[in-house]
Amino acid sequence: MTLRLISSRCSIYTAEKILRTRQVKRKPLRSLLRCRPYCTSSSHEISFRERLQSYGEGSVDLTKDETDGIAVITLNNPNKKNAVSGKMMLDFRNVVEDLEAWDDGKGVILTGSQGTFCSGGDLTTVQNILTPEQGYQMADFMHETLTRLHCLPLISMALVQGNAIGGGAELTTACDFRVMTNTARIGFVHMKMGVLTGWGGATRLVRLVGRSHSLDMLCSSRLLSSQECLRQGLADHIIPIQTPKKESVEDHDDVMKIGRAWLSQYCRADRQLVRDMKTAVLGACELDYMSSLERERAIFNRTWGGPAHKRALDLNIKHS
Ligand SMILES: CCCC(=O)SCCNC(=O)CCNC(=O)[C@H](O)C(C)(C)COP(=O)(O)OP(=O)(O)OC[C@H]1O[C@@H](n2cnc3c(N)ncnc32)[C@H](O)[C@@H]1OP(=O)(O)O
């Protein structure tokens, strides 16, 4: 009965409901986030949000282009090299929620303002939430935001100019791709700052580059050049820029244009196809083998004989 339902042209929602009722060996991501040692009742969460709101300046801005289906998230705190303040953590969550509801999207670019990516947690905010409980609440909040970013049905790309330091380096790992300018650097400097990765970066880094490369990057705290990131599998593409020493603000528009074109190559297909393929790949990364295959079958079933499929067949395409 269940199998028949999955192989019929059922909605993804129905298929996922069925998968949830089956024995899935690895827990879904969202349920893993619920293992919390500190009290996170809604009143606690509200007062912590109020606390975050009161710390720091800056914003996280979102623009959505309905024509190409690509959104841009910009970390905007230029006086502090786009360090993420408490207020920006809240903005970030709102932006991700907005993208979750954006049915017309295919891709998203995460970038920083004024020619640099992000210098990590805003040290002023950090100074104000130094108890273990507050640290845990902050990490819990950012884990959820970044896990939701990671799970969007949009193909995501971190576009790194200048530096991605500490939490900034962690942010890059929440995206599907990392594109860097030739002068950009990524540095997991946490251990030098006396902390571990607070935004889930170690878990995601190991999945990207493996165990030994991750230990090397995390325990050395060194700043990795774009070339090294490419060699180690952390970066996917390097954009050469004209000014090798210092990136000017003017470069940002050019870099954005090139980065957008790079991401667009993966967003050419129909909107639903792009979203479904991203969802299938995400399932393969996060679910056990059999559950992922089931999910892939259910998603495939929506496309088979659908309008994009029929259009492609009518075109008699030769893949030469
Ligand atoms: C869970 C998250 C854990 C973490 O994120 S740990 C990592 C925390 N981040 C850091 O330690 C970064 C410290 N900053 C730096 O190393 C350098 O500023 C950086 C990012 C390489 C940029 O270097 P430069 O381009 O030479 O710029 P600069 O040093 O003159 O900085 C310009 C102004 O920005 C400020 N700034 C940079 N990073 C900040 C931060 N994270 N929080 C608060 N303020 C920050 C910096 O203090 C300076 O301010 P000012 O102009 O002197 O008033």
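Values reported hereafter were calculated over all heavy atoms of this structure, with side chains retained and with hydrogens, waters and symmetry mates removed. Just so we're clear, the structure is a prediction, and the values are computed from it rather than from any experiment. Both counts, for ligands and for their atoms, begin at 1 and track the order of listing.
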> Within ligand 1, which atoms have a heavy atom of G166 less than 4.0 Å away?
5 (O), 7 (C)

> Taking distance alone, with N or O pairs closer than 3.5 Å, would you say G120 contacts ligand 1?
no

> Taking distance alone, with no angle check, do G198 and ligand 1 share an N/O pair under 3.5 Å?
no

> Counting each atom of ligand 1 from 1 as listed, which ones have a heavy atom of K80 under 4.0 Å away?
34 (O), 35 (C), 36 (N), 37 (C), 38 (N), 39 (C), 43 (C), 44 (N), 45 (C)

> Indicate yes or no: does an N/O atom of N79 lie under 3.5 Å from an N/O atom of ligand 1?
yes

> Between A83 and ligand 1, does any nitrogen or oxygen pair lie at a separation below 3.5 Å?
no

> Under 3.5 Å, is there a donor-acceptor pair between the side chain of D65 and the main chain of T67?
yes

> Please confirm whether the backbone N or O of G200 pairs with a side-chain atom of T197, one donor and one acceptor, at under 3.5 Å?
no

> Just heavy atoms, cut-off under 4.0 Å: does M193 contact ligand 1 by side chain, backbone, both, or neither?
side chain

> Going by the atom numbers of ligand 1, which of them fall below 4.0 Å from some non-hydrogen atom of N163?
21 (C)

> Remaining members of L315's ILVMFWY cluster at a side-chain heavy-atom cut-off under 4.5 Å?
I317

> Side chains of S54 and K87: is there a donor and an acceptor less than 3.5 Å apart?
no

> Are side-chain heavy atoms of I70 and S264 found at a separation under 4.5 Å?
yes

> Distance under 4.0 Å to a non-hydrogen atom of G167: what atoms of ligand 1 satisfy this?
2 (C), 4 (C), 5 (O)

> Using distance alone, decide if ligand 1 has a nitrogen or oxygen within less than 3.5 Å of any nitrogen or oxygen in S119.
yes

> If you define the side chain from C-beta out and look only at heavy atoms, does anything of F141 sit under 4.5 Å from L90?
yes

> If you take the centroid of each ring, where Trp contributes its six-membered ring, are H309 and W304 closer together than 6.0 Å?
yes

> For D98, what residues pass the salt bridge (Lys or Arg N to Asp or Glu O under 4.0 Å) criterion, not counting sequence neighbours?
K64

> Which ligand 1 atoms, with their elements, are less than 4.0 angstrom from a heavy-atom of W199?
1 (C)

> Answer with yes or no whether T124 contacts ligand 1, where contact means a heavy atom under 4.0 Å from a ligand atom.
no

> Less than 4.5 Å apart, side chain to side chain, heavy atoms only: is that true for Q114 and H252?
no

> For ligand 1, is D122 a contact, meaning one of its heavy atoms is under 4.0 Å away?
yes

